[in-house]
A.B. asks: 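Submitted below is the structure of interest, expressed as structure tokens.
These numbers were taken from a predicted model, which means no experiment stands behind them. Within every chain, numbering begins at 1; the chains are lettered A, B, ... in the order of the sequence lines, protein sequences first and strands thereafter.
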Amino acid sequence: MGGWAIAVHGGAGVDPNLPKERQEEAKRLLTRCLDIGISALRSNLSAIDVVELVVRQLETDPLFNSGRGSALTENGTVEMEASIMDGPKRRCGAVSGLSTVKNPVSLARLVMDKSPHSYLAFSGAEEFAKKQGVELVDNEYFITEDNVGMLKLAKEANSILFDYRIPTIGTCGAGAAAMDSPLQMNGLPISVYAPETVGCVVVDKEGRCAAATSTGGLMNKMTGRIGDSPLIGSGTYACELCGVSCTGEGEAIIRSTLAREVAAVMEYKGLRLHEAVDFVIKNRLDEGKAGLIAVSKNGEVACGFNTTGMFRGCATEDGFMEVGVW
Amino acid sequence: MGWAIALHGGAGDIPRSLPPELRLPREAGLRHCLDVGIAALKAHKHPLDVVELVVRELENHPHFNAGKGSVLTSSGTIEMEASIMDGKSKRCGAVSGLSTVVNAVSLARLVMEKTPHIYLGFHGAEAFAREQGVETADPSYFITPENIERLKQAQEANRVQIDYTQPIQKEPNDAAAAARIPNGDSQIGTVGCVAVDGEGNLASATSTGGLVNKMAGRIGDSPIIGAGTYANHICAVSATGKGEAMIRGTVARDVAAVMEFKGLSLKEAAAYVIDQVPPGNAGLVAVSSTGEIATVYNTAGMFRASASEDGYSEISIWDSPIKVSN
């Protein structure tokens, strides 16, 4: 019992036909991020510092859907959001609608540490970013060729893409599942997909938990659309007992307040981390598709998902380490 | 069993010395909105329709901090937000950063019903409003002289307030501060409504202008599912108070969680959850699937009204109700 633990994710919901090279690329990135986190933990950085550090790495790498490499809005622009939460006092910070901030998770941290508020969005958030002197870049910096192509496909299919890296709509596992029972969101006949949000959860040697999540959101989303990632209790949550970061269908995560749910069953039902994660994934998602990673103050780490795969990695102080897609 | 409804016009440091010219219009507003809600329930309207209807009335009332009468940002502008949730389906909708939409709660409902998303903010939400043809008005429509004055005082005191010019919880009550307000008025807050019908259908909605002197782009708890608003098959909750405290406390969600996981009654659960929030920061109204009502706050007072099918009705600001009948 005790000791540090860390988990990272790069999104829930993976095409079973995803090319091998892409899977390897993802695993290499997850491994690299885990190593960075592990180094930091060994240097006695606190959980809150480690989650920020690791998510910054994920944002900077264009592979997953956050920071550079973010999915595009219907207008072809990038609107990023993130949240971070520090378990011990449940301090939190969140941002939405960022278009020039290089590392959204760091701005979320500044909202938590340097503003009287918990959540800033759009031009107000950008103003705050300027005043804080964080690194700003043109919106073009975040846009990759891959995503420009994906947006075009999404518009042609007139649907919101689940895994935006799948070249042909309808061949992905989630898409096939969608065709079995036509996926609806808010009662509309539109397919619901969620691209690869990133996140990290950590418990440090002192038993402090923290969590952070960052994303560009849904490909072809309406401008101004906010998903689950910046919402405390939905995409991100941390308290004395645990730290949780979620990914998948935003609506499902919000309706089930997924991240808080894990902590609530631990707190109110006395479940251990693994039981809590299993319970929540099995019983709280209904038809929704999502995944999550979590750590407990006792040094445990767990992940759960009801999707076809989730890009993830985890490690604990006693030497355990695992990176997986399926 | 049978229907039940509860609504609020904000919790805070409402002084007992609130002069009649400020107290009476608010009581009248509460009475009017309660009557509107009761009539709708008697006409067998679905709770989702009822809470939207009642919150629209509260938004239109200039003495509550939502819609017309919203408090001002640090730049003297209006940024309104709201959310709505249906208990049975757990469908939800939310909006933030509105400056021209007369009824934010109705736009939140449209997001829920007419888009593939849950939450739209700022320019994207305003654009959606225009597409939907909802009623809009010049920002000056929403701004009242009292709020211009509140902002002035807040800026002089260089403090962000939960709509009340009384000092924030740790500081002693300053009667002199109240005296500085030309009309002695300082009490307004978020608005919200929860309702249940005879079949156990539950719904909740919350709407607000936010915190006086807030940073532009600041989002509070009102549009955050699980923080300011929540409804499932067990209960419906609308919370009010210091947004940052409600967000980290996942207040609305926790009432239902505590009922489910700890087996507490609605009243016990509401009291339990409010107790976890630092004093002076929170209040909520809630109804359960079996028609119970709870109105709890850890502030000096909360503008509220409630009624149930058995003939009970109450309108109150502080502990002793203004009017109770049964």
Side-chain angles (χ1 to χ4, degrees), chain A residues 73 79 85 89-92 94-97 111 115-128 159-160 184-188 190-192 217-218 221-228 230-234 237 239 250-251 254-257 259-261 263-265 267-270 286, chain B residues 73-75 79 85 89-97 111-128 159-160 210-211 213-221 223-227 230 232 243-250 252-254 256-258 260-262 264:
Chain A
T73 70
E79 280 174 17
M85 193 160 185
K89 291 201 172 86
R90 286 177 297 149
R91 298 181 315 125
C92 46
V95 287
S96 279
V111 170
S115 87
H117 302 317
S118 294
Y119 190 6
L120 290 179
F122 292 90
S123 46
E126 293 272 330
E127 265 310 302
F128 177 68
S159 66
I160 294 169
Q184 295 216 323
M185 188 165 210
N186 293 334
L188 290 174
I190 204 167
S191 303
V192 176
L218 280 180
K221 65 183 179 180
M222 290 170 73
T223 180
R225 178 264 188 182
I226 293 172
D228 63 287
L231 303 187
I232 297 298
S234 290
Y237 189 76
C239 59
E251 203 224 4
I254 293 172
R255 301 160 72 204
S256 59
T257 52
R260 172 60 183 137
E261 203 68 6
V265 298
E267 186 175 345
Y268 299 132
K269 270 174 84 111
D286 304 322
Chain B
T73 71
S74 56
S75 326
E79 280 179 13
M85 188 163 188
S89 64
K90 298 210 299 231
R91 289 163 63 214
C92 34
V95 287
S96 279
V111 173
M112 176 173 92
E113 291 174 344
K114 298 281 169 66
T115 76
H117 304 319
I118 283 191
Y119 190 4
L120 288 180
F122 297 83
H123 56 269
E126 286 276 331
F128 176 64
R159 202 164 35 221
V160 167
L211 279 189
N213 200 26
K214 66 182 178 179
M215 291 170 71
R218 176 262 189 188
I219 292 176
D221 65 295
I224 311 244
I225 300 298
Y230 188 75
N232 63 6
E244 286 71 15
M246 324 293 274
I247 289 174
R248 78 156 59 91
T250 55
R253 173 69 188 105
D254 271 31
V258 162
E260 182 176 357
F261 299 134
K262 285 173 88 81
L264 299 192

A.B. asks: With respect to chain B, which residue among S118(A), G270(A), C239(A) yields the maximal number of heavy-atom pairs within a distance under 4.5 Å?
C.D. replies: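 Result: the option with the highest number of such pairs is S118(A).
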A.B. asks: Considering only heavy atoms and a distance below 4.5 Å, find which of V258(B), V95(B), L120(B) pairs most often with chain A.
C.D. replies: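 Top option by heavy-atom pairs under 4.5 Å: L120(B).
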A.B. asks: For E79(A), which atoms come within 4.5 Å of any heavy atom of chain B: side chain, backbone, both, or neither?
C.D. replies: side chain
A.B. asks: Quick check on I247(B) against chain A: is it the side chain, the backbone, both or neither that has a heavy atom closer than 4.5 Å?
C.D. replies: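 Both parts, heavy atoms under 4.5 Å.
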A.B. asks: Taking only Lys NZ, Arg NE, NH1 and NH2, and the carboxylate oxygens of Asp or Glu, determine whether R253(B) and E261(A) approach each other closer than 4.0 Å.
C.D. replies: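 E261(A) and R253(B): salt-bridged.
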A.B. asks: Does R218(B) come within less than 4.0 Å of E244(B), counting only side-chain N to carboxylate O?
C.D. replies: yes
A.B. asks: Hey, could you give me the OG/CD1 distance between S96(B) and I219(B), rounded to the nearest 0.5 Å?
C.D. replies: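 The distance works out to 4.0 Å.
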A.B. asks: Among all residues two or more places apart in sequence or in another chain, which pass the side-chain contact (heavy atoms from CB on, under 4.5 Å) test with A94(A)?
C.D. replies: S83(A), Y119(A), P230(A)
A.B. asks: Please enumerate all residues that pass side-chain contact (heavy atoms from CB on, under 4.5 Å) together with E126(B), with sequence neighbours excluded.
C.D. replies: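 side-chain contact (heavy atoms from CB on, under 4.5 Å) check on E126(B) returns L98(B), S99(B), T100(B), V101(B), R130(B).
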A.B. asks: Select one option (side chain, backbone, both, neither) describing which atoms of S123(A) are under 4.5 Å from chain B's heavy atoms.
C.D. replies: neither
A.B. asks: Check each atom of R260(A) against the heavy atoms of chain B and say whether the ones under 4.5 Å are side chain, backbone, both or neither.
C.D. replies: side chain
